[in-house]
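Pasting a structure below so you can have a look.
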Amino acid sequence: MSILARKNKVLLKELIKTDFKLRYQGSVLGYLWAILRPLLMFAILYIVFAKVLKFGGDIPHYPVYLLTGIVLWSFFTECTGQGIHAIEQRGDLLRKLNFPKYIVVVSATATAVINLLINLCVVVIFALLNGATPSWSWLLVIPSIIELYALTLGVSLLLGAINIKFKDIGSIWDVLMQAMFYAVPIIYPISMVASASPFIAKIILLNPISQAIQDIRHNLITSEAITGWGYIGIWWSLLSILLVILTVAIGAAYFRKRAPYLAEEV
Amino acid sequence: MASDNDIAIKVSGLHKSFRLPTERAWGLKQAIFNRLRGVKGYKEQKVLRGLDFEIKKGEFVGIVGRNGSGKSTLLKILAGIYRPEKGSVTVNGSLVPFIELGVGFNPELTGRENIYMNGALLGFSNKEVDEMYDEIVDFAELREFMDQKLKNYSSGMQVRLAFSIAIRADSDILLLDEVLAVGDEAFQRKCFAYFAKLKKAKKTVILVTHSMASVQQFCNRAIMIDSGKIIAEGNTRKVSQKYRDLNMEEDDPGRVTMKKGRGDSKYLSIKANAKVNTKKVTLDFQMEPKEKIEDPAMVVVVYREDGTPVYRWASDEKLDGELDLSQKNELHIELDNFFPDGDFSVTAAFASRDRSTDYGVFNDVMSFRVDPRNSYPQDVLWKIPEKFDLK
């Protein structure tokens with residue numbers, strides 16, 4: 001399996017191109033939806049939580065803070081959602097050609113990555129409008145995004161391969177994501193939880209997704225945002241990074257083991 | 001013993017079975033129940049039971065067998081899509097499979113985009129596709145449709161496009177699965193020309209097909225598979241005969257028994273005779289119906305040794321009236337002898353006019369030889385002056 005083989009690269013590129021094109025084809029606003037969707041979601045949540053329920057009053061730049069959370073969370077759900085079903089959806093291709101199967105998963109997640117990059121530009125514009133000052137710390141967002149994407153890919157490879165055998169996985173994951181939405185500090189500020197129960201806040205921050213989101217908020221918007229390494233300590237946050245590495249390793253290993261049989265099972 | 005360098009594909013002791021789920025629900029719940037009840041939840045179906053063969057470089061090999069005999073599974077294993085269960089497959093050189101034309105075609109994309117997508121699947125970079133783009137489009141005769149979505153193409157246009165890309169595939173070994181089965185007359189002719197080209201270029205080709213005619217036309221050798229085992233191998237003529245014998249056991253109306261110059265299907269029997277002199281080649285057919293034959297059409301094709309069809313006569317194209325096979329009939333075709341030296345074989349086929357019902361395909365119902373003493377000194381074959389009458 002050579003990831004860099006020219007043939008595989010061409011195929012990957014072509015699959016990503018088609019996926020992206022097809023996603024927004026036939027809609028009037030086209031690619032604009034990639035930005036509009038999280039923005040509209042943001043508008044709803046902002047009205048409900050910030051205006052009606054008065055969340056995040058003490059957080060500087062709370063709207064941007066909220067938007068960042070939504071953008072990253074949408075990325076995670078979109079990416080895993082596409083990734084898990086990728087093998088199933090490209091079954092036709094797998095049954096007729098022999099090529100490295102991971103290409104299908106990677107290409108399916110790529111559209112979400114492109115959307116994320118576009119959305120991050122929107123976040124940055126919002127941050128600037130909101131009075132955040134550009135700094136070198138913004139670059140620290142990159143490792144957090146890589147961490148988040150690695151986790152996504154690990155999950156997609158693992159669950160995508162299992163999903164071929166047990167179609168329930170896709171549905172279970174959807175429900176799990178609904179629950180996870182509330183277990184990750186997206187709409188509520190983690191500081192609110194911390195003031196009520198530091199223990200629960202620590203548990204929440206053990207989650208690599210929470211950590212990535214908080215790190216990005218910290219580096220991009222306000223240094224007041226609570227981060228994993230700041231709140232639960234370096235060692236505990238390393239544990240969650242280890243969790244990401246473990247997920248990727250297990251996902252890749254399992255996928256690799258199943259790959260030769262995917263064509264006949266899909 | 002051939003040296004290893006001459007071998008393109010070597011298969012030894014190949015076994016494959018599939019697990020077919022026995023319960024309809026194929027999910028987590030069922031898996032847990034089955035585990036608890038100690039039921040396997042699937043049935044093991046053996047598809048290939050120990051195949052051994054070698055294919056030398058430059059050979060054109062036909063793999064034949066009835067539906068469900070395991071030939072498509074074999075092709076997929078050779079293509080690396082399925083994994084052998086037991087045994088080994090060694091492939092020497094680059095290989096491109098055509099399990100289907102137009103793999104990865106997406107109806108929502110334009111013709112142009114589909115060319116690039118399909119090209120990528122065949123291993124071409126965008127730049128390489130750029131270079132051959134014009135030739136592909138011209139060959140498919142679809143230039144003005146390239147910016148339209150594929151879903152607006154007719155199925156014939158789609159096949160043409162797919163085929164035009166497919167023939168660009170440049171690999172040492174080609175695996176073809178029933179590609180012949182689709183498309184109209186003109187398309188089939190293009191297909192045949194492509195096969196002839198492959199054969200001439202000494203490509204290693206494996207053709208999986210039902211069509212004995214194409215096996216006899218193109219292949220140097222044939223392998224026949226039944227119930228996952230090789231039951232005949234070698235000379236195409238011998239294997240075709242065996243295939244016919246095997247199929248005759250079943251009561252399939254389209255199937256045919258044949259001796260040289262005569263043949264029988266469930267619907268009719270035919271006698272054929274050819275005469276050759278320096279001026280004329282005459283082909284005579286006598287058809288006698290056994291059962292009521294509705295709305296029939298008759299096609300006669302003359303093939304050159306290498307499988308190129310050189311002459312074709314079809315009742316629904318050449319006759320003004322309808323062909324009536326309710327009684328004894330004689331067809332007399334008289335061709336000016338423009339034929340070069342060589343052996344020619346004649347196939348007569350009967351089907352309903354919409355080609356939905358087979359009344360009998362008489363492959364190689366007769367053959368004739370044109371030798372230097374009576375041949376026409378020229379290699380032009382397509383416009384043969386003809387005269388015919390049907391009584």
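Throughout, protein chains are lettered first and strands after them, A, B, ... in sequence-line order, and every chain is numbered starting at 1.
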Nearest heavy-atom contact between B:I81 and A:A263 is O-CB, 3.5 Å
So with a 6.0 Å cut-off around NZ of B:K46, is the heavy-atom count from everything else above 12?
yes
Is any side-chain heavy atom of A:R95 less than 4.5 Å from a side-chain heavy atom of B:K76?
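They are in side-chain contact.
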Checking B:E85 against chain A: side chain, backbone, both or neither under 4.5 Å from a heavy atom?
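No part of it gets close to chain A.
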Considering non-hydrogen atoms only, spot the tightest contact between A:E14 and B:M117 and give its length.
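Closest pair (atom of A:E14, atom of B:M117, distance): CG-CA, 3.6 Å.
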Do B:E108 and A:T18 come close enough that some side-chain heavy atom pair is under 4.5 Å?
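In short, these two side chains do not touch, never coming nearer than 4.5 Å.
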If you take all heavy atoms of B:I99 and A:K96, which pair is closest and at what distance?
CG1-O, 3.5 Å
Quick check: do B:P97 and A:N98 have side-chain heavy atoms less than 4.5 Å from each other?
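No, their side chains stay 4.5 Å or more apart.
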When you compare the side chain of B:L109 with that of A:K17, does any pair of heavy atoms fall below 4.5 Å?
no
For B:K16, which atoms come within 4.5 Å of any heavy atom of chain A: side chain, backbone, both, or neither?
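Just the side chain, heavy atoms under 4.5 Å.
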Looking only at heavy atoms, which two atoms of A:L93 and B:L121 are closest? And how far apart?
CD1-CD1, 3.8 Å
Please look at B:F124 and chain A and tell me whether the side chain, the backbone, both or neither of the residue comes under 4.5 angstrom of a heavy atom of that chain.
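Only the backbone of B:F124 comes within 4.5 Å of chain A.
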Given that the side chain runs from C-beta out, which part of A:L94 has a heavy atom under 4.5 Å from chain B: side chain, backbone, both or neither?
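Only the backbone of A:L94 comes within 4.5 Å of chain B.
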Given that the side chain runs from C-beta out, which part of A:L22 has a heavy atom under 4.5 Å from chain B: side chain, backbone, both or neither?
side chain
